[in-house]
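Here the structure comes first, spelled out in structure tokens, and everything after it is commentary.
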Amino acid sequence: MTTPVDWFAAFPIQPATEAVEALRQGWTELASVERADFNPKTKEGALTKRLKIYVENYTARERGLLGMWAAEDIIGEIDPVTGELIEERRTDIVYGWNNDVGAMKLVFEFKRLGRQKKHRDHYLKDQGLGRFVTGIYSRQQAVAAMVGVLLDPEAEVVPPIRKALENSALATKLRLRATAGGQPFAKPSTMFTTADFDTEHDRDPALAPTHGTICVSHFFIAFGYPTSTKKPKKAKSA
């Protein structure tokens, strides 16, 4: 994976890392025990709303983060002549930060992940990772984050995702840039020590930062107690 010195050196890695760690801490605390409104059966949107509020009110404040948090941040396209709303999307969680020399909007896209192929496809294709490639997520941003909420053991979920990225058709669709060693992902992550791996994607000029690609860091988080999407076997009749 290419990490040009110019953009990498200019990227505000410290506030980005602080945001990542605040989010991870908030998740660990909220997911430590099963809660009536925050558990493996809770829908993605409900999980991310609650997580954003908890992080903003507690973990980010404790860490002294000065940026802005948003859940379901509305992005899209509008016809400036007619006022027609051409496209609308809502990002799960975004952390916005700026100072007198730079700015960033770090988008976190969450997906509930079981061992099933349909979960893997949802994570990797148009409704997941693809939103950072051909979709309008993170326009002109150098870095973004995919966050997989594990519903099954990590060993049964994450390796198949990495394996799927080796498929040439999927790699082409996702406009993957190979690493210097020819791999479709960088493991360990080049951006964040707590990410599992990174992928780098070419983007159209209207969506890309000046260097032309976006780096997506992939995180996988679990509830602090056993969960599984595997259905229990039916007992044999006597």
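Worth knowing before you read on, the calculation uses all heavy atoms, side chains too, and leaves out hydrogens, waters and symmetry mates.
- Checking Q25 against E29 by side-chain atom types alone, a donor-acceptor pair falls below 3.5 Å.
- With T59 contributing its side chain and A22 its backbone, the two residues share a donor-acceptor pair below 3.5 Å.
- In this structure, R112 contributes its side chain and K43 its backbone to no donor-acceptor pair below 3.5 Å.
- No side-chain heavy atom of Y58 sits less than 4.5 Å from a side-chain heavy atom of L30.
- More than 12 heavy atoms of other residues, nucleotides or ligands sit less than 6.0 Å from atom CZ of F220.
- Between L47 and N39, the closest heavy-atom pair is CD2-O, 4.0 Å.
- Linking ILVMFWY side-chain heavy atoms closer than 4.5 Å, directly or via other members, places I53 and L66 in two distinct hydrophobic clusters.
- Considering only heavy atoms from C-beta on, M104 stays 4.5 Å or farther from V143 through its side chain.
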| said: R63 vs E21, test: side chain to side chain contact (heavy atoms under 4.5 Å, CB included). Steps then yes/no. | reply: CA-CA 9 Å; R63 290 170 173 266; E21 292 310 307; 3.7 Å; yes

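- For the side-chain contact (heavy atoms from CB on, under 4.5 Å) test, residues two or more places apart in sequence or in another chain that qualify with I13 are F11, T17, M191, F192.
- Under 4.0 Å is where a charged nitrogen must lie from a carboxylate oxygen, and between K49 and D37 no such pair does.
- For the atom pair CG (L51) and OG1 (T42), the distance works out to 12.0 Å, reported to the nearest 0.5 Å.
- Side chains of H201 and L129 form a contact here, defined as non-hydrogen atoms less than 4.5 Å apart.
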| request: Mind running side chain to side chain contact (heavy atoms under 4.5 Å, CB included) on V158 and L113 for me, showing each step along the way? | output: CA-CA 9 Å; V158 181; L113 278 177; over 6 Å; no

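- In this structure the side chain of W97 reaches within 4.5 angstrom of the side chain of P12, judged on heavy atoms.
- Counting all heavy atoms, side chain and backbone alike, Y137 lies closest to R203 at O-NH1, 2.9 Å.
- Contact check for V94 versus K52: no side-chain heavy atoms found under the 4.5 Å cut-off.
- One finds the CD atom of E154 at 9.5 Å from the CD1 atom of I161 (value rounded to the nearest 0.5 Å).
- Here the closest heavy-atom approach between residue A164 and residue L124 is recorded as CB-CD1, 3.6 Å.
- Nearest heavy atoms, F219 versus A145: CE1-CB, 3.9 Å.
- For the side-chain contact (heavy atoms from CB on, under 4.5 Å) test, residues two or more places apart in sequence or in another chain that qualify with K187 are R162, F185, D196, F197.
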| Can V20 and F108 be said to form a side chain to side chain contact (heavy atoms under 4.5 Å, CB included), step by step? | CA-CA 9 Å; V20 163; F108 298 86; 4.0 Å; yes

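- Heavy-atom minimum distance, E44 versus F110: OE1-O, 3.4 Å.
- Note that OG1 of T213 is 5.5 Å distant from CZ of R177, once rounded to the nearest 0.5 Å.
- For NZ of K111, the number of neighbouring non-hydrogen atoms (other residues, nucleotides, ligands) closer than 6.0 Å is greater than 12.
- Between the side chain of E156 and the backbone N or O of R115, no donor-acceptor pair lies under 3.5 Å.
- Rounded to the nearest 0.5 Å, atoms CE (M68) and CD (E56) are 9.0 Å apart.
- Ion pairing between a basic and an acidic side chain is recognised when a charged N comes within 4.0 Å of a carboxylate O; R131 and E109 show such pairing.
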| task | For R175 and T134, run side chain to side chain contact (heavy atoms under 4.5 Å, CB included): C-alpha distance rounded to whole Å, both residues' side-chain angles, the deciding distance at 0.1 Å, then the answer. | result | CA-CA 9 Å; R175 303 181 184 180; T134 56; 3.9 Å; yes

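- Between W27 and F38, the distance from one ring center to the other falls under 6.0 angstrom.
- Interatomic distance, D198 CG to T179 OG1, rounded to the nearest 0.5 Å: 11.0 Å.
- Looking at heavy atoms from C-beta onward, T199 lies in side-chain contact with L165 at the 4.5 angstrom threshold.
- Residues F223 and V149 form a side-chain contact, since some pair of their non-hydrogen atoms from C-beta on lies under 4.5 Å apart.
- Atom-to-atom distance recorded for I214:CD1 and E200:CD is 10.0 Å, nearest 0.5 angstrom.
- Proximity of I93 to V147: side-chain heavy atoms (C-beta onward) are nowhere separated by under 4.5 Å.
- Considering every non-hydrogen atom in both A31 and A222, the closest pair reads CB-O, 4.2 Å.
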